[in-house]
Amino acid sequence: MEERYQAKAIERKWQRVWEETKAFRVTEDVSKPKYYVLEMFPYPSGRIHMGHVRVYAIGDVLARFKRMRGYNVLHPMGWDAFGLPAENAAIERGIHPAKWTMENIGYMRDQLKKMGISYDWDREIATSEPEYYRWEQLIFLRMLERGLAYRKRSTVNWCPSCQTVLANEQVEGGRCWRCESEVTKRDIDGWFFKITAYADELLDWCDRLTGWPERVITMQKNWIGRSEGAEFDLPVVGRPELKIRVYTTRPDTVFGMTYAVLAPEHPLVDQLVTAPGERTEVERFRAEVLKESEQERVAEDRPKRGRRLSARAVNPFTGVEIPLFLADYVLMIYGTGAIMAVPGEDQRDWDFAKTHGLDIIETVKRPPNWNGEAYTGDGIKINSGFLDGLTVAEARRRAIHWLVEHGLGEAKVNYRLRDWGISRQRYWGAPIPVLYCDACGMVPEKEENLPVVLPRDVQISGKGGSPLASHPAFISAPCPRCGGKARRETDTMDTFVESSWYFLRYCSPHFTGGMVEPTAGAYWMPVDQYIGGIEHAVLHLLYARFYTKVLRDLGFVKVDEPFNALLSQGMVVKDGAKMSKSKGNVVSDDVIRDKYGADTGRLFELFAGPPEKDLEWSDQGVEGAYRFLTRLWRFTFQHREALVAVRSDVAQNELPADFRNLYRLIHKTIKKVTEDVEGRFHFNTAIAAIMELFNALSASVQNESRPESGTAVIKAGLETIITLLYPFAPHIASELWECLDHKTSLDGVSWPKYSAEALEEEQLLIVVQVNGKVRGKITVPADMSQKQIETEALAEPRVSLFLDGKKIEKIVHVPGRLVNIVAEG
RNA sequence: GCCCGGAUGGUGGAAUUGGUAGACACACGGGACUUAAAAUCCCGAGGACCCGGAAGGGUCCGUGCCGGUUCGAGUCCGGCUCCGGGCACCA
C-alpha cells in the first residue's frame, strides 16, 4: 500500500478488473429479486463533462447498492444515436454522420468507463444500427395495420433552421426544443402516431405512478389537458342546410350565449359569407390574422380582434337570434373551431363583448360584494329558463340531457393532446418502411423485407430536402403489392421513437427473433428506477409511456407502464447557468479525474445536495471531497498493520464505555445510510453520516492505551465505512478493502446489517424545557422510569431556578426526548 | 392569468412523524509544524447584549413577512412578499 492516495492508478486498476471479469454482467436469475435501474441514455454529441456525470453517478449508487443488497441488477448503457447534430457535423465538416456518431460513442464510452460506472457493457446498443431500428420498423407496420400510425396532410410545426417538422411536444414557447429557432407553420403530408387514442389511459395511469415526482405527473396531466363538456349545433338563420357545431365546457351557461364565434380559418366561413362585398372584407381579416406568427397571435394583453358576419345563428335553448363573428381568439385546432360565447361567465368572451358592444347576461348568481368581470365560480343558476335555481353541476347535466333529448348535441370530452407527428424530413434517422406505387398508392413494406436500411453512401448538403430522395438505389424499389415500380418514403422517424422503447431492447439486446425475447422482457420489465432530467417531462417520458401501451396491445410486452419510479435529477449549475458547452462553463471530467480522480468527482456531486435539486458546482467543494478520501486513505495506511492483526468481530458488552459508544455509532450509521439511500435517495446525508463515523473513528484511534477489543471496534468501523462508501466511491473502497487483507473483492460483499440490539442506548439525553424553552439537559439511564426522569428534571438546578415561585400546571413528557414543564406565575 | 415548487448562518445544505435549529462540508479566523509557503493537524464560530481580571457564565432575539393553532412550530393552518419552473386566447 502506497502512503499517498494515488487515485489514477487505483482507478485504472479496478476498472481493468471490472472489465476483465465482466463484473457487472447479468443474466435472468429467478432465484433473486430483480432490479432494473436506468439512466436516460445520452445522445452522443461529443464529450461528456461533469454536468453529465451527475445522473450516471446517481444511477451507479443505486446499482451498486442494490447488488450489495442481494438484487440481480440490470444496469445498461447505450446511445440515442440518430439525430440532427450528426447531420450538421456532416454539413459543416464533411464527416459522415455515422462516422461522427461512432467516434463520439467511442470517446464517451471510454469516459463513462473511466468514471467507474458499473454497466453491463455486453448490453450496449446504438439506435442507429439496423439491428436496432428494424424492430421499430416492424412496430410501425403493425401500428399502421391498426390505424395507430397514419398519414395526413395538416398544418404542422416547422423549424426553419433544422429544416424539419416538429411534434407539439418539441415546441417550447414557440421555439424549437433543440435549436431555439422560432417555429413556423407549414401544410405538409406527414406520418402521425395516434397518441390521442391513449389519452384517457395515459391520464388515468398518472395517479397510479406513485413512484414519480408530483411535478412531472402534473405536467403530463396538463399536457394531456382533458376537459369535459358538450358539443352541439347552432342553426343558421335562413340556412336550414347549415349548422355550426360548437364545443363548451360550460353547457350550464347556454342561456347566457349572446353571440357565437368561428375561428378565422373555419371551413364553414365560405358558405356563411353571402352579403355583397363581404367576401373581400372577410378575406382581408383572415389574411391579417393568419399572417401573424403563432407567437404574435397569443401575445399577452393584446386586444381580441374580430369581424362580424352578416349571417346570424340561433341560440337553440332560447330561440333568440344571435350575431356571428370571426375572431382571432378562437382556434381551429381545438374543439370544433367554433364557440358559443358567454361573456357573463368567460373572461375572453367578456373582453370581446365589451370591445364590440355586445350583450352580457349573467347566468350564475354572483357572490355578495362581487365586482369582478366574468364570473367563473360556482353558484345558483339565474336567467336560465328551466335551469334556474340549480347548481352549476346539476345544470350542466340537465343542459346536456336537453341537448340529447332534442337531438342537437351530446356530452363530449376534449383533449389538448394532439397526435404525435413523427415524420422528419432529414437523413440521419430510421427510414419509415412504406412505399408509394402509382398503381396501388401507399403500400407498407413487407415484414420479411425489414430492415429498410438507411443507405450510407449519400451526399449531405442540408439543402434541397432529404438526401434519400436523390439516392436512386434507395428510392426506387418494387411495390410490395403489385411488383411494379414504386418510390420509398424518404421521411425518417423522429428520434424520440427510438428512445420510446430502448429500455425494452436492453432486456435482450442481441435477440434476433424480435424486439425483445419474451422471457427476458417478462423478467426485467418494468424499469424499477428511471433517472433523468426534468426537461423530458412531456417529451420522452410521455412518448415512452404511450409506446409501451401500444407494444402491450400489440402483444410484445406485458407491462402497462415502462417506469415504475422516476427520479428527476437537478441540473449542474456553474456561474448561474446550466453547465453546457454552448454556455462555455463546462468542467471537464478529464481535468477532474486527472487532478483528483473519478471517485472525488462522484463523491462531490453526490454530497453537495440531494439529487432532485440543482447543484452548484464548487471547486472548493471538490477539494473537500478529495480531502475526505485522502484522510481515509492515510488513516488506513497508518493503522493498517495494527488493524489487520485483529479480528473485527467483537462482543459489544465487553467493551469499555467509549468503544461501546463507537460500536453503537457504527450500527447507527449503517441504519442511517441504508435508509437514506434506499428510501429517500438522500445521498448527501448518507455521505455526511459516513464522514461522521470516520470523524469518530479518528478520535477513537487517539486512545493509545485501548485494549485489543478497542482496536477490533476501530477495524469494524473502518470496514463499515469502506463498505458503505463503495456505491459512492467504488475504486478507493475496493482498494482499501484489499489493503485490509481481504482476499475477495468488495464487489461481491453484502451490504452491512445493523443489529437492533446494538442500537439500544444505555444513556438518554433528555432536554428539559420550561414553558417550551430549553432550560437544561439531563442524562439518565435508558431504563429509568418516567416518574423518576421528571423528578430529575425538576431537580436540575437551572430548571428549578426558572420554576422558582411558579405553579406547575402540567408536565409534557416525550419519552426518550424531552420533558416540558408548563408553569405559571 | 392559471398550476406546481422553493425561501434556514458568509456558502452548499441538515433537522425523516410538530419535540435541543444550523448535522456534514465549504469558506473564514486563530494556533501548531516549516527558513517560508503549500499540504497536514488542532481550536473557534448564528446575531445582539450582559456579568467576570480571566478561564468562563448568562439573557434575549433568530428558519422570507404578518397572524393563528399548540405545552412546544423551520415543520401544521390562514393571509401576503419574493424567487424558480411549467402551461397559456384549449372555449
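Proteins get letters first, then strands, A, B, ... in listed order; numbering begins at 1 in each. Since this is a predicted model, take the numbers as computed values, not measurements.
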Any A:R627 side-chain N or O less than 4.0 Å from OP1/OP2 of B:rU40: yes
Taking ring pair (Phe, Tyr, Trp, His ring centres under 6.0 Å) as the definition, give me every residue that meets it alongside A:F255, ordered by chain and number, with sequence neighbours left out. A:F317, A:F386
Hits for side-chain hydrogen bond (donor to acceptor under 3.5 Å, both in side chains) against A:K8, two or more places apart or cross-chain, chain-then-number order -> A:D594
How would you list, by chain and number, every residue that makes a ring pair (Phe, Tyr, Trp, His ring centres under 6.0 Å) with A:Y596, sequence neighbours excluded? A:Y626
Any side-chain N or O of A:R215 under 4.0 Å from OP1/OP2 of B:rG6? no
Taking only the side-chain nitrogens and oxygens of A:R798, find out if one of them lies under 4.0 Å from OP1 or OP2 of B:rU59. yes
How far, in whole Å, is B:rG74 from B:rU69 if one measures between their P atoms? 16 Å
Test salt bridge (charged side-chain N to carboxylate O under 4.0 Å, His left out) applied to A:E796 - qualifying residues, sequence neighbours left out: none
Taking only residues two or more places apart in sequence, or in another chain, which ones meet A:W212 in a ring pair (Phe, Tyr, Trp, His ring centres under 6.0 Å)? none
Which pairs pass side chain to side chain donor-acceptor pair (under 3.5 Å) with one or both residues in residues 764-776 of chain A, sequence neighbours excluded? none
Under 4.0 Å, counting only non-hydrogen atoms across every strand here, what does A:F802 touch: a base, just sugar-phosphate, or nothing? sugar-phosphate
Pair A:E612-A:Q569, side-chain donor/acceptor within less than 3.5 Å: no
In residues 665-683 of chain A, which residues come under 4.0 Å of RNA chain B by heavy atom? A:K672, A:D676, A:R680
Residue set satisfying ring pair (Phe, Tyr, Trp, His ring centres under 6.0 Å) with A:W617, at least two apart, ordered chain then number -> A:F604
What donor-acceptor contacts under 3.5 angstrom involve side-chain atoms of residues 680-693 of chain A, with partners at least two apart or in another chain?
{"residue": "A:R680", "atom": "NE", "partner": "A:D676", "partner atom": "OD1", "Å": "3.4"}
{"residue": "A:R680", "atom": "NH2", "partner": "A:D676", "partner atom": "OD1", "Å": "3.3"}
{"residue": "A:R680", "atom": "NH2", "partner": "A:H682", "partner atom": "ND1", "Å": "3.4"}
{"residue": "A:T685", "atom": "OG1", "partner": "A:D676", "partner atom": "OD2", "Å": "2.7"}
{"residue": "A:T685", "atom": "OG1", "partner": "A:H682", "partner atom": "O", "Å": "3.0"}

C1' atoms of B:rG22 and B:rU81, separation to the nearest Å: 25 Å
Contacts under 3.5 Å, N or O only, protein and nucleotides 7-9 of chain B:
none

Over all strands shown, is A:G225 touching base, sugar-phosphate only, or nothing at heavy-atom distances under 4.0 angstrom? nothing
For RNA chain B, what dot-bracket results from Watson-Crick or G-U pairs at under 3.5 Å, with [ ] for crossers and | for inter-strand partners? (((((((..(((......[....))).(((((.......))))).((((((....))))))..(((((..]....))))))))))))....
Does OP1 or OP2 of B:rC41 have a side-chain N or O of A:R634 closer than 4.0 Å? yes
Mind checking A:R226 for me? I need base, sugar-phosphate or nothing, with any heavy atom below 4.0 Å counting as a touch. nothing
So which protein nitrogen or oxygen atoms get under 3.5 Å of nucleotides 19-23 of chain B's nitrogens or oxygens?
{"residue": "B:rG19", "atom": "N2", "partner": "A:Q769", "partner atom": "OE1", "Å": "3.3"}
{"residue": "B:rG19", "atom": "N2", "partner": "A:N820", "partner atom": "ND2", "Å": "3.4"}
{"residue": "B:rU20", "atom": "O2", "partner": "A:K777", "partner atom": "NZ", "Å": "2.7"}
{"residue": "B:rA23", "atom": "O2'", "partner": "A:E692", "partner atom": "OE1", "Å": "3.2"}
{"residue": "B:rA23", "atom": "O2'", "partner": "A:E692", "partner atom": "OE2", "Å": "3.2"}

Check every strand shown and say whether A:Q620 touches a base, only sugar-phosphate, or nothing at a heavy-atom separation below 4.0 Å. sugar-phosphate
